Amino acid sequence: MKANEVIDTIKNYVVESKIIDERRAAASTDLARYRDVLQALKGKDIRHVSSITGIDLGKEIAIVYQLDCGRSLLNLKVLVPKKNPRLPTVTDIFPGAVLYEREVMEMLGVTFDGHPDPRRLFLPDDWKEGYPLRREWKK
Amino acid sequence: MTFIIPVGPQHPALLEPEHFRFEVKGEEIVDVGIRLGYMHRGIERGLSERTYHQGLYLAERICGICSHSHNLCFAQTVERLAEVEVPDRAEYIRAIVAELERIHSHLLWAGVAAHEIGFITLFMLFWRDREHVQDLLELTTGNRCYYSMCALGGVRRDIRPEHLLKLKRGLKVLEKATKHYVDVATSDRTILARCENVGVLTKRDARDLCAVGPTARASGVDRDMRRDDPYASYPEIPFEVAVQPEGDVLARVVVRLREVLEAINIIREALKKMPTGPIRTKFKPEIPPNQATVRIEAPRGELLHFGISNGTNKPERWRARTPTYANFAALKPMFVGGSIAEIPIVLASIDPCMCCTDRVTLVEVATGKSRVLTMEELRRIPK
């Protein structure tokens, strides 16, 4: 799908959306509707999650889903409050997201409710020094 | 009753430690768990604490085998953040080095795969011929490893007219050798016995588990970033994407060897079409707030860099998703239902950057007794 077709598919579920060029689209949504966005995309036979990136914005944590839509790439952003960073898992919609969610969990301390295997992936089992990709983490 | 076989993380013979936990019932594997992070160096954090010029070299060190891919992907992401256009000649040089790197990486992998199935002669032959492409890389970039070919806004070094003859000669040798290896791989009894119908990944699983690169293409998934999300000079060079429908280890061998042949054609075409002109543009180190995602086709598959700039000469956040990481989820269906003897070749077949299996502990759950197998013993099991 081209970027404009992707935005057409998800326009009912997003807060704002932007077509960067023919091959790049960006959208942001909220916690209540973000699974609807992903379901709508899955309905159009989009099954490839390229990556899930967590970004510490200070008061909030942004989770960016980078979805391969054939001829374009969609960056879908959802914000979670840093005080209670949790959101439902998407591994039931995209099974390939399983490792990316584990990484965001341990690097930024975001909880994905319903994740099938929420163990550590990269950090040592006895790691107690907090979340390395948060802003307050010391060098 | 099931047994747990922990595989890894120690393996001095090959690169990059990882830990796998195989649950086996007799010889059959029923489940597998993965533990990564023994080499976690905090590079994403490191990149956001360094300037873009320093980051270019740090990003390259994410991987030794596909260093140009990271170098290129980082440079392209920064250029997209800064909205800088790269001269045409630089785009061609970037693609040529990327294809040379693909040949070297696939031949290196083919040698390792031959070693894993105990075909040592073939391993020697693959690595002998890989030296030809290493020579070409040294000729064009000055280095055999960590080429540092991309600069922000272009490339560091030009391909000079006196390089052309040597490049063409080297490619001819490589083409002849690879054509022979395609014949060997699809007809030799030993290879067929160890690779055919082994570690099968169905197209459905490959798509659902987001497999990338040759692993996905060997399962019939027609995805290639060079064609689907074009970059460098790939839009101007016609090439064929190697796709095999079978999904077994043999298909992954054939896809990679076909890609080597295709890479040779791409380099020839690029050398022919390459325009003259500058190889670099000026690049200002301060980049206004912006976001950019770039995907390229590294030898192992889709590589993604995602950068956020904030107006300074350092990025706010940098994300690098490597192809091997994307392929780990797809390992499970390849292993489940297979046997212990298949572990080394199936693990090697995704071309992990590279994997453990050097030390294997067999633990009997009921009695708690354990014994340690070396890689040598593990290789001897099938015999």
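All values reported here derive from a predicted model rather than from experimental measurement. Per chain, numbering begins at 1; letters A, B, ... match sequence-line order.
- Using a 4.0 Å cut-off between a side-chain N of Lys or Arg and a carboxylate O of Asp or Glu, Asp68(A) and Arg295(B) qualify as a salt bridge.
- Rounded to the nearest 0.5 Å, atoms OG1 (Thr293(B)) and CZ (Arg24(A)) are 6.0 Å apart.
- Scanning all heavy atoms of the two residues, the minimum distance from Glu44(B) to Leu133(A) falls at OE1-CD1, 3.8 Å.
- Contacts between residues 40-61 of chain A and chain B, defined by a heavy-atom separation under 4.5 Å, are made by Asp45(A), Arg47(A), His48(A), Val49(A), Ser50(A), Ser51(A), Ile52(A), Thr53(A), Gly54(A), Ile55(A).
- Here the shortest heavy-atom pairing between Phe328(B) and Leu99(A) reads CB-CD1, 3.6 Å.
- Highest contact tally toward chain B, considering only Ser72(A), Gly70(A), Ala26(A), Pro95(A), is held by Pro95(A) [criterion: heavy-atom pairs under 4.5 Å].
- Surrounding CD of Glu136(A) are more than 12 heavy atoms belonging to other residues, nucleotides or ligands, all under 6.0 Å away.
- The ring pair (Phe, Tyr, Trp, His ring centres under 6.0 Å) test applied to Phe306(B) returns no partner, not counting sequence neighbours.
- Taken from CZ in Arg71(A) to CG in Asp229(B), the straight-line distance is 10.0 Å, to the nearest 0.5 Å.
- For a residue to count as touching a neighbouring chain, one of its non-hydrogen atoms must lie under 4.5 Å from one of that chain's; by this rule Arg135(A) touches chain B with backbone and side chain alike.
- In this structure, chain B has a heavy atom under 4.5 Å from the side chain of Arg102(A), while its backbone stays farther away.
- One distance of note links CZ of Arg207(B) with CZ of Phe94(A); it measures 10.5 Å at 0.5 Å rounding.
- The pair Arg321(B)-Glu103(A) fails the salt-bridge criterion, with no side-chain N (NZ, NE, NH1 or NH2) lying under 4.0 Å from an Asp/Glu carboxylate O.
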